[in-house]
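Along the sequence shown, residues carry numbers from 1.
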Amino acid sequence: MSLFLFMLLVSILNPVVSHKSCDFPAVVNLGDSNSDTGGYASAFTPPTSPYGETYFHMPARRFSDGRLTIDFIAEAFGLPFINAYLDSVGTNFSHGINFATAASTIRLPISVIPNGGFSPFYLGLQYSQFEQFKVRSQMIRKQGGLLASLMPNEEYFSKALYTFDIGQNDLGEGFFSNLTIQEVNASIPDIINKFSANIKNIYNLGARFFWVHNTGPIGCLPYVLVAFASAEKDPAGCLKPYNEVAQYFNLKLQESIAQLRNEFPSAAFTYVDIYSVKYSLFAEPQKHGFELPLVTCCGYGGEYNYSAAVLCGGTITVNGTEIFVGSCDNPSVRVVWDGIHFTEAANKFIFDQISTGSFSDPAVPLKQACQS
């Protein structure tokens, strides 16, 4: 029995208790590129065409061809898309704010852009930005005027849903720093401790409703498949030892959420097993309406249509001819967009599964995440 089917069976045997839906007036997000709606693009180089082509019909400062899971979460509550904190031009934060940036980690990375591949806006700094925003936004509201209408009401900070999707880059940093699998595993308890410390800090600023995604099957993504091609593969074609690291990270994350739940009984903590949903796309793509799950839609070269030398939206010269690295013909049936991130179609599938509560601990739907 596949892990995906097992989780569905568990949800049937332990049905979600029906409660009234929560009325979240805002969403506050912290994370990495899986939920970045413009942070990286505001601070560094924005993604270019064909990013954004499916839904926005133009680059939309997201690392996908369209919407991300966080966009579908906002839509589920009837809220506008959540704007990036770092986006300073005409930005409305009245219904939420997004501190996520691509390449972000939980711990302070060893090397940051432009001298390395990771964002300086690690989770601790995202918390500091949130701390400042909470104070400054209310100062602006008290001053009145047009800008005041772009800031959240003070009571929103205690009523908002706080979402988290971060950790993949902490594992990637270890892998690409030539650490052994055992050494990356050994780093995970400290990574999780840093995560928990930030959750506690955010709780102390008034947050009460937490929706936490675990990390996905990193060993199924082309940027890892290409870099570590000699590693053992599982039946889905993913790199087994790298996915086992992600699974260990998720085990320790789930344990930490349980500890937080005990420490702060007045808060609602929902741990979301996004790993199982994402892995099902690689293990059983046809069942879910997808094809070629390990092959990059927007990429160039090799078995996985991916090369770190030329990324989606770039150009490469082959035999004297300049080639633009564009999208595949039908992103709606593809899983991986650019070798690292998911397509809008995959993100929508992921949202549809996790929003039901079938992959949550406790088993509450997204719209009841204030009651877990």
Side-chain angles (χ1 to χ4, degrees), residues 26-77 79-105 109 112-114 117-134 136-137 140 147 149-152 156 160-166 168-169 211 213 298 311-314 327 331 337-338 340-344 346-348 350-351:
V27 174
V28 177
N29 184 69
L30 298 92
D32 55 26
S33 57
N34 289 308
S35 60
D36 179 3
T37 57
Y40 186 97
S42 298
F44 306 109
T45 304
T48 58
S49 179
Y51 283 92
E53 68 174 17
T54 295
Y55 181 80
F56 301 99
H57 308 297
M58 60 181 290
R61 308 167 79 78
R62 290 158 171 78
F63 288 88
S64 179
D65 61 312
R67 290 165 291 182
L68 310 178
T69 303
I70 188 64
D71 293 316
F72 293 113
I73 289 175
E75 285 184 333
F77 293 111
L79 299 175
F81 294 144
I82 310 304
N83 289 314
Y85 172 77
L86 294 175
D87 189 350
S88 61
V89 181
T91 308
N92 188 335
F93 298 124
S94 61
H95 294 286
I97 187 166
N98 193 348
F99 297 95
T101 65
S104 284
T105 51
V112 300
I113 302 165
F118 295 94
S119 169
F121 301 105
Y122 70 108
L123 185 59
L125 189 52
Q126 291 182 31
Y127 159 72
S128 295
Q129 291 172 333
F130 171 64
E131 183 179 35
Q132 292 185 47
F133 175 76
K134 184 179 179 185
R136 295 181 62 203
S137 64
I140 293 172
L147 292 180
S149 67
L150 302 178
M151 298 296 127
Y156 283 10
L161 180 65
Y162 289 76
T163 57
F164 300 81
D165 193 326
I166 193 166
Q168 177 177 311
N169 292 321
W211 179 267
H213 294 176
C298 183
L311 302 178
C312 178
S327 171
W337 169 244
D338 59 3
I340 305 171
H341 309 101
F342 289 76
T343 61
E344 174 178 286
N347 287 329
K348 181 61 165 61
I350 293 162
F351 169 79

Chemist: Roughly how far, to the nearest 0.5 Å, is the CD1 atom of Ile350 from the OG1 atom of Thr343?
Modeler: 8.0 Å

Chemist: Applying ring-ring contact (aromatic ring centres under 6.0 Å, His included), run through Tyr162 and Phe130 and close with a yes or a no.
Modeler: CA-CA 11 Å; Tyr162 289 76; Phe130 171 64; 5.7 Å; yes

Chemist: Do you know the tightest heavy-atom contact between Pro120 and Phe44?
Modeler: CD-CZ, 3.6 Å

Chemist: Between the side chain of Glu53 and the main-chain N/O of Asp65, is any donor-acceptor distance below 3.5 Å?
Modeler: no

Chemist: Find out whether Ile97 and Gln129 are in side-chain contact, i.e. whether some heavy atom of one side chain is under 4.5 Å from a heavy atom of the other.
Modeler: no

Chemist: Under 3.5 Å, side chain of Asp338 to main-chain N/O of Cys298, donor-acceptor pair present?
Modeler: no

Chemist: Holding to side-chain contact (heavy atoms from CB on, under 4.5 Å), I want the full list of residues that pass it with Ser137, two or more places apart in sequence or in another chain.
Modeler: Phe133, Met151, Pro152, Phe157

Chemist: With rounding to the nearest 0.5 Å, note down the distance linking CG in Asp71 to CZ in Phe56.
Modeler: 5.0 Å

Chemist: So, is the end of the Arg62 side chain (NZ or CZ) under 6.0 Å from the ring centre of Phe81 and within 45° of the ring's axis?
Modeler: yes

Chemist: Return yes if some donor-acceptor pair links the side-chain N/O of Asp36 with the main-chain N/O of Ala102 below 3.5 Å, else return no.
Modeler: yes

Chemist: When rounded to the nearest 0.5 angstrom, what distance separates CD in Gln126 from CD1 in Ile166?
Modeler: 5.0 Å

Chemist: Indicate yes or no: at least one non-hydrogen side-chain atom of Asp165 is less than 4.5 angstrom from one of Thr69.
Modeler: no

Chemist: Please check if the side chain of Asn98 supplies one atom and the backbone of Ser35 the other of a donor-acceptor pair under 3.5 Å.
Modeler: yes

Chemist: Calculate, to the nearest 0.5 Å, the distance between atoms OG and CG belonging to Ser94 and Leu79 respectively.
Modeler: 9.0 Å

Chemist: Does some side-chain heavy atom of Glu344 sit less than 4.5 Å from a side-chain heavy atom of Pro331?
Modeler: no

Chemist: Measure the spacing between CG of Asn92 and CG of Leu150 and express it to the nearest 0.5 Å.
Modeler: 5.0 Å

Chemist: Taking atom CZ of Phe63 and atom CG of Leu311, what is their separation to the nearest 0.5 Å?
Modeler: 10.0 Å

Chemist: Can you find a heavy atom in the side chain of Ser42 that is under 4.5 Å from one in the side chain of Ser88?
Modeler: no

Chemist: Between Thr101 (side chain) and Ser104 (backbone), is there a donor-acceptor pair under 3.5 Å?
Modeler: no

Chemist: Identify the residue among Ser33, Pro47, Ser64 that makes a side-chain contact (heavy atoms from CB on, under 4.5 Å) with His341.
Modeler: Ser33

Chemist: Regarding Asn29 and Thr163, do their side chains bring together a donor and an acceptor under 3.5 Å, going by distance alone?
Modeler: yes

Chemist: Considering the options Tyr127, Tyr122, Tyr85, Tyr40, which one meets the ring-ring contact (aromatic ring centres under 6.0 Å, His included) requirement together with Phe99?
Modeler: Tyr85

